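Order of the sequence lines sets the chain letters (A, B, ...), proteins ahead of strands, with each chain counted from 1. All values derive from a computational prediction rather than experimental measurement.
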Amino acid sequence: MVDDFKRTYGPIDDWTDSRELLARARQQADKRNFDDVFIVDIDSHVSDDRNWPEIMDYIEDPVIRDAASAFGDGSKRGAFLNSTPGLQWQNVWGRIPHGQGLKEPIEDDGTPREIVLARKCIDEMGLDYQIVFPNALLFLGMHPVPEMEVHLATAYNRWLVERVLPEDPRVRAMLYLPFNNPSAAEETVRRFLGKPGVAGFLVTSSRHKPVHANEYMRLYAMLEEADQVLGFHTHLNWQDEYTSQLNRFISMHAISFVLCNLVHLTNWVINGLPERFPKLNVMWIESGIAWLGFVAQRLDHEYMMRTSEAPLLKKLPSEYMRDMFYTTQPMERSNEALLAATMDAVNADTQMLYASDWPHWDFDLPSVIWDLPFLDETARRNILGYNAARIFNLDIPEKYRALAAE
Amino acid sequence: MGELFVAKADEIGDREGRVVADGDLEIGVFRLGDEFFAWESDCPHMGGPVCQGKVINRVTEVLDAQKRSHGFDYVEEDVHIACPWHGFEFNLRTGIHPGDPNTRLRGFPVEVRDGDVYVRI
Ligand code: FES
């Protein structure tokens, strides 16, 4: 154990300390000597709605800031959020307690809860960096009041940059781009670019905005020029016409978390955005990886017959896909041959990045990458950390540097 | 071979368990009626602390003679433990996952002597 926390081995419930919950992750880390492996977690969601009242104080519009007090019986909890059924169903009716967010009590010494929970996870899983993203904002692209996306995203970004990130250099963030308003998204980049702890910028994929629309070209050019990562973080949408036919969370989650990124990636490639912004690092987050084999073959197949509809392309769609980046979680692995072929199809050695998605119900530990029998050690180390260090310009601690050079 | 003391038999209620540890070896011992069952708390999915999970019965879907669905029900005789990491379920009597007989927990013999429960390791 990395600290003197004493396990109880008791039943795990909603309030269990995450060190108890993840103690066996620590055992895995020790057995695999993860303290000698540079590991970056690209995507975790340790935040919960307890932070929300504090975040509301960062809203810049004085009227909206005041109005937050009208929510949550005056507590501001959940103010203005457009949560929909789905995220609250993650715990499989109590079977996976942390799926509903970490509710453990923490000592209030002024350290943001986000940092306390991230540190526990970093220590138990054996991570070096963790990139955090808020649960609450995952729905925001579908907010019925478009300006609310800007108000809430700006407040959240400010809170992260001013209050959270200065607390621990191991905790980084990809900031939320209010993508439904292209000029506000550009302003977000201008305002926060280069601030300590800002790893990149992120679009939540659950939205009805085509990524190839001309209004976004300036944003992409800014991000490319600044050598920033642009992430597309998937999410559910149970209200789309197709997904609303799915009566179980399992079905909706399996489809919806892929569908939005499937649409955005297809638009991205077929409209030639990789040709227009060849140096922009684009990353697809939390759709798993099984879909990549499908979409790569499917687009290649159709592109050969309908090349005239994608005239900006100079090579096959799958070849552009091999230049983009993908986080691995939730890594589908019931069929190892398919998994190996998928990783090969997108050059996993250089293009894939480990993500935990902790504490969501389908989180992955670093061991899922480390234990893959078909990857050599260099590929494992790249996926677990060095690919992230390269594209996020992360400092690699001295002890790992010799291996990073491989 | 050795054994670990788990608890006094009457301290473990029906459908309850205790996890005992010997180093990294963690074993959950559960009581169902008068019987005890012991399983390694090492989930075959990702190594999670399965025996610290929730005890819950197997769920079934109720169909009528025309094969129309009438929702869910619990199966009285099939008691499961659900791994708290990602929800894999295992039958507490057999250690087997209800969806895949090859996904199973490693079992250990349990002995009750003079009202004390021991697990053999
Ligand atoms: S480790 Fe038990 S369900 Fe994943």
Side-chain angles (χ1 to χ4, degrees), chain A residues 1 6-32 89-100 102 124-125 247-250 253 329-334 356-371, chain B residues 4-7 11-13 15-30 38-59 61 69-72 74 79-90 97-100 102-103 119:
Chain A
M1 296 295 290
K6 196 140 175 42
R7 285 187 68 185
T8 66
Y9 299 98
I12 285 170
D13 63 20
D14 290 24
W15 294 272
T16 298
D17 191 300
S18 40
R19 288 168 296 185
E20 174 80 40
L21 198 43
L22 290 175
R24 294 186 58 80
R26 186 62 233 174
Q27 289 171 12
Q28 290 184 14
D30 290 339
K31 283 199 187 111
R32 292 161 181 80
W89 295 27
Q90 290 198 85
N91 74 356
V92 201
W93 317 126
R95 290 170 179 81
I96 311 175
H98 55 88
Q100 226 79 320
L102 299 172
E124 297 302 312
M125 290 191 192
N247 67 332
R248 307 265 160 93
F249 183 92
I250 177 179
H253 185 271
Q329 183 277 338
M331 194 176 75
E332 306 90 342
R333 58 201 174 104
S334 58
S356 74
D357 197 36
W358 176 253
H360 287 171
W361 68 282
D362 53 351
F363 75 96
D364 278 344
L365 290 174
S367 60
V368 301
I369 303 295
W370 190 256
D371 296 350
Chain B
L4 297 174
F5 171 72
V6 180
E11 287 170 356
I12 306 179
R15 298 168 64 95
E16 282 179 13
R18 288 281 186 289
V19 176
V20 289
D22 181 30
D24 282 355
L25 176 65
E26 297 166 22
I27 299 172
V29 180
F30 295 87
W39 305 107
E40 186 173 8
S41 191
D42 181 11
C43 181
H45 175 224
M46 213 181 283
V50 50
C51 294
Q52 290 176 261
K54 187 181 173 89
V55 175
I56 190 164
N57 283 52
R58 180 164 74 86
V59 170
E61 184 157 356
S69 172
H70 294 280
F72 298 135
Y74 286 115
V79 185
H80 286 179
I81 182 84
C83 178
W85 271 9
H86 314 92
F88 273 38
E89 292 184 39
F90 301 89
H97 186 287
D100 174 18
N102 295 317
T103 301
V119 61

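- With a 4.5 angstrom heavy-atom cutoff, Val92(A) does not touch chain B via any of its atoms.
- Counting heavy-atom pairs closer than 4.5 Å to chain A, the top residue among Glu16(B), Lys54(B), His86(B) is His86(B).
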How far apart are the C-alpha atoms of Glu26(B) and Gln52(B), what are their side-chain angles, what is the distance that settles it, and do they pass the side-chain hydrogen bond (donor to acceptor under 3.5 Å, both in side chains) test?
CA-CA 10 Å; Glu26(B) 297 166 22; Gln52(B) 290 176 261; over 6 Å; no
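- With contacts defined as side-chain heavy-atom distances shorter than 4.5 Å, the pair Trp358(A)/Leu102(A) qualifies.
- Using a 4.5 Å cut-off between heavy atoms, Asp371(A) does not touch chain B at all.
- Salt bridge annotation for Glu124(A)-Arg26(A): absent, with no cationic side-chain nitrogen under 4.0 angstrom from a carboxylate oxygen.
- Here CG of Asp14(A) is found 12.0 Å from CD1 of Ile96(A). Values are rounded to the nearest 0.5 Å.
- In terms of heavy-atom pairs under 4.5 Å with chain B, the best-connected choice from Asp364(A), Thr8(A), Thr16(A), Asp13(A) is Asp364(A).
- Considering only heavy-atom pairs separated by less than 4.5 Å from chain B, the leading option among Gln27(A), Glu20(A), Gln28(A) is Gln27(A).
- The candidate from Gly48(B), Gly17(B), Pro49(B) with the greatest count of non-hydrogen atom pairs under 4.5 Å with chain A is Pro49(B).
- By number of non-hydrogen pairs under 4.5 angstrom with chain B, the leading residue of Leu21(A), Leu22(A), Asp362(A) is Leu21(A).
- Val50(B) and Cys43(B) get closest at one heavy-atom pair: CG1-N, 3.8 Å.
- Taking SG of Cys83(B) as the reference point, atom NE2 of His45(B) lies at 8.5 Å (rounded to 0.5 Å).
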